[in-house]
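Worksheet: the structure to be examined is printed underneath.
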Amino acid sequence: MKVSASILDCDFLHLGEEIRAVEAAGADCIHLDVMDGRFVRGISFGRPLGAAVARAAKLPLHSHLMVIEPEKQIDEYLPFSEVVVFHIETTEDPGRCIEQIRAGGVKPGISLNPDTPIAALKPWLPELDDVLVMSVFPGRGGQQFIPESLDRIRELERLIAGCGSRATISVDGGVKPENAGLLAEAGADILIAGSALFRSGDYARTIASLKSPPLTPGPLEP
Ligand code: DX5
Ligand code: ZN
């Protein structure tokens with residue numbers, strides 16, 4: 001299991017230190033939540049902050065674009081991302097976005113909201129390196145995990161296996177040590193954690209328990 005640190009909830013006044021801290025604590029990648037105030041209500045940050053993170057980080061960066069018309073913005077994130085993920089709900093032409101990302105030497109991923117059928121991804125799965133399953137409605141950190149996401153991850157895993165895709169499954173939203181075991185069982189490869197990590201007093205301990213969760217899964221709701 002890999003853990004990706006979503007910096008949306010970190011202390012932006014000490015961004016460099018926060019990045020070094022999660023790297024030292026055992027994170028596998030850094031997750032950048034780009035919001036445009038249109039696809040989602042809020043605005044978070046864009047390319048300048050992503051580029052600054054890239055200068056500070058040793059770990060690979062995964063850019064999660066929560067923006068409409070991603071084809072207009074993808075190029076901004078290619079220079080410093082290992083993976084660029086766009087939302088299937090935001091474009092008429094996912095194939096073109098995938099090609100644009102791949103042409104930049106970057107791995108393409110698609111994300112989908114909790115109410116978008118998993119089957120919508122079917123045509124694109126063979127071309128993807130990652131699928132990012134939203135387990136909350138995107139827009140902000142600190143929300144409650146939607147338990148139905150577990151079945152969606154299982155369905156996605158079957159589809160991925162069925163078409164021979166190499167796509168990993170990332171899960172984003174309300175991820176915490178208490179549901180990490182269920183997510184691993186369902187087929188998640190990368191757990192993206194924001195508030196559960198940055199609001200915890202001990203990054204190393206939180207990352208370790210996301211990777212090796214307690215044997216008895218805790219309640220899905222707090
Ligand atoms: C939500 C973002 C997530 C968010 C996760 O719109 O895509 O990456 O930061 O935060 P938590 O882990 O607090 O749900
Ligand atoms: Zn995200």
Side-chain angles (χ1 to χ4, degrees), residues 1-4 6 28-29 31-34 39-40 60 62-71 74 77 81-139 143-176 179-194 210-211 213 217 220:
M1 181 63 70
K2 289 189 172 179
V3 171
S4 188
S6 167
D28 298 285
C29 27
H31 181 87
L32 300 175
D33 283 309
V34 178
F39 176 58
V40 293
H62 293 188
S63 297
H64 177 195
L65 306 184
M66 288 165 272
V67 304
I68 62 166
E69 299 180 303
E71 48 284 335
I74 281 169
Y77 297 89
S81 302
E82 177 188 58
V83 183
V84 169
V85 177
F86 62 93
H87 269 258
I88 188 108
E89 301 88 359
T90 57
T91 176
E92 299 277 294
D93 197 347
R96 177 180 154 199
C97 294
I98 291 170
E99 273 170 37
Q100 194 179 346
I101 296 168
R102 189 79 70 199
V106 172
K107 296 177 177 172
I110 294 187
S111 181
L112 73 185
N113 282 354
D115 57 357
T116 300
I118 292 287
L121 292 177
K122 236 175 164 177
W124 316 111
L125 283 180
E127 297 163 53
L128 294 175
D129 283 290
D130 186 59
V131 174
L132 191 161
V133 177
M134 285 305 311
S135 42
V136 300
F137 283 89
Q143 302 182 71
Q144 290 305 318
F145 179 81
I146 299 172
E148 287 76 18
S149 310
L150 291 168
D151 275 341
R152 289 164 58 76
I153 295 164
R154 292 187 191 104
E155 181 186 352
L156 176 61
E157 187 163 68
R158 282 195 297 274
L159 284 183
I160 287 176
C163 72
S165 166
R166 63 181 157 204
T168 48
I169 300 179
S170 296
V171 184
D172 191 6
V175 172
K176 51 192 170 187
N179 54 30
L182 293 169
L183 289 166
E185 248 171 60
D189 302 298
I190 302 174
L191 297 182
I192 298 159
L210 287 167
K211 291 186 180 207
L220 285 170

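- A salt bridge does not link Arg152 to Asp115: none of the charged nitrogens lies less than 4.0 Å from a carboxylate oxygen.
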Next item on the list: Go through the steps for Val83 and Thr168 under the test side-chain contact (heavy atoms from CB on, under 4.5 Å), then give the verdict.
Entry: CA-CA 11 Å; Val83 183; Thr168 48; over 6 Å; no
Check: Step by step, would you call Asp33 with Asp172 a side-chain contact (heavy atoms from CB on, under 4.5 Å)?
Finding: CA-CA 10 Å; Asp33 283 309; Asp172 191 6; 4.1 Å; yes
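- Of all heavy-atom pairs between Val136 and Gly174, the closest is CG1-N, 3.9 Å.
- A distance of 13.5 Å separates OG of Ser165 from NZ of Lys122, quoted to the nearest 0.5 Å.
- Between Val85 and the options Ser111, Ser170, Ser63, a side chain to side chain contact (heavy atoms under 4.5 Å, CB included) holds for only Ser111.
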Note to self: side-chain contact (heavy atoms from CB on, under 4.5 Å), that's the test. Do Glu71 and Asp93 meet it? Break it down for me.
What the structure shows: CA-CA 9 Å; Glu71 48 284 335; Asp93 197 347; 5.6 Å; no
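- In terms of heavy atoms, Leu65 sits closest to His87 at O-CD2, 3.6 Å.
- Residue Ile118 holds its CD1 atom at 5.5 Å from CD of Glu155, rounded to the nearest 0.5 Å.
- Distance check: Cys97 SG to Ile74 CD1 gives 4.0 Å after rounding to the nearest 0.5 Å.
- Residues Ile110 and Val131 are not in side-chain contact: their nearest non-hydrogen atoms beyond the backbone lie 4.5 Å or more apart.
- To the nearest 0.5 Å, atoms CD1 (Ile192) and OG (Ser135) are separated by 8.5 Å.
- Side-chain contact between His62 and Ile190: present, with at least one pair of heavy atoms (C-beta onward) separated by less than 4.5 Å.
- Taking the side chain as every heavy atom from C-beta outward, Leu121 and Leu159 never approach each other to under 4.5 Å.
- Closest approach of Pro138 and Met66 over heavy atoms only: CB-SD, 3.6 Å.
- Looking only at side-chain heavy atoms (C-beta outward), Ile68 and Phe39 come within less than 4.5 Å of each other.
- With respect to Asp189 and Lys2, no salt bridge is recorded, no charged nitrogen being found less than 4.0 Å from a carboxylate O.
- Looking at heavy atoms from C-beta onward, Lys176 lies in side-chain contact with Asn179 at the 4.5 angstrom threshold.
- No side-chain heavy atom of Lys107 sits less than 4.5 Å from a side-chain heavy atom of Ile101.
- Residues Ile160 and Leu125 form a side-chain contact, since some pair of their non-hydrogen atoms from C-beta on lies under 4.5 Å apart.
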Next item on the list: Please lay out, stage by stage, how Met134 and Thr116 fare under the test side-chain contact (heavy atoms from CB on, under 4.5 Å).
Entry: CA-CA 10 Å; Met134 285 305 311; Thr116 300; over 6 Å; no
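- Residues Ser4 and Asp28 fail the side-chain proximity criterion, which asks for heavy atoms closer than 4.5 Å.
- For the atom pair OH (Tyr77) and CG (Leu32), the distance works out to 8.5 Å, reported to the nearest 0.5 Å.
- Interatomic distance, Arg154 CZ to Glu185 CD, rounded to the nearest 0.5 Å: 7.5 Å.
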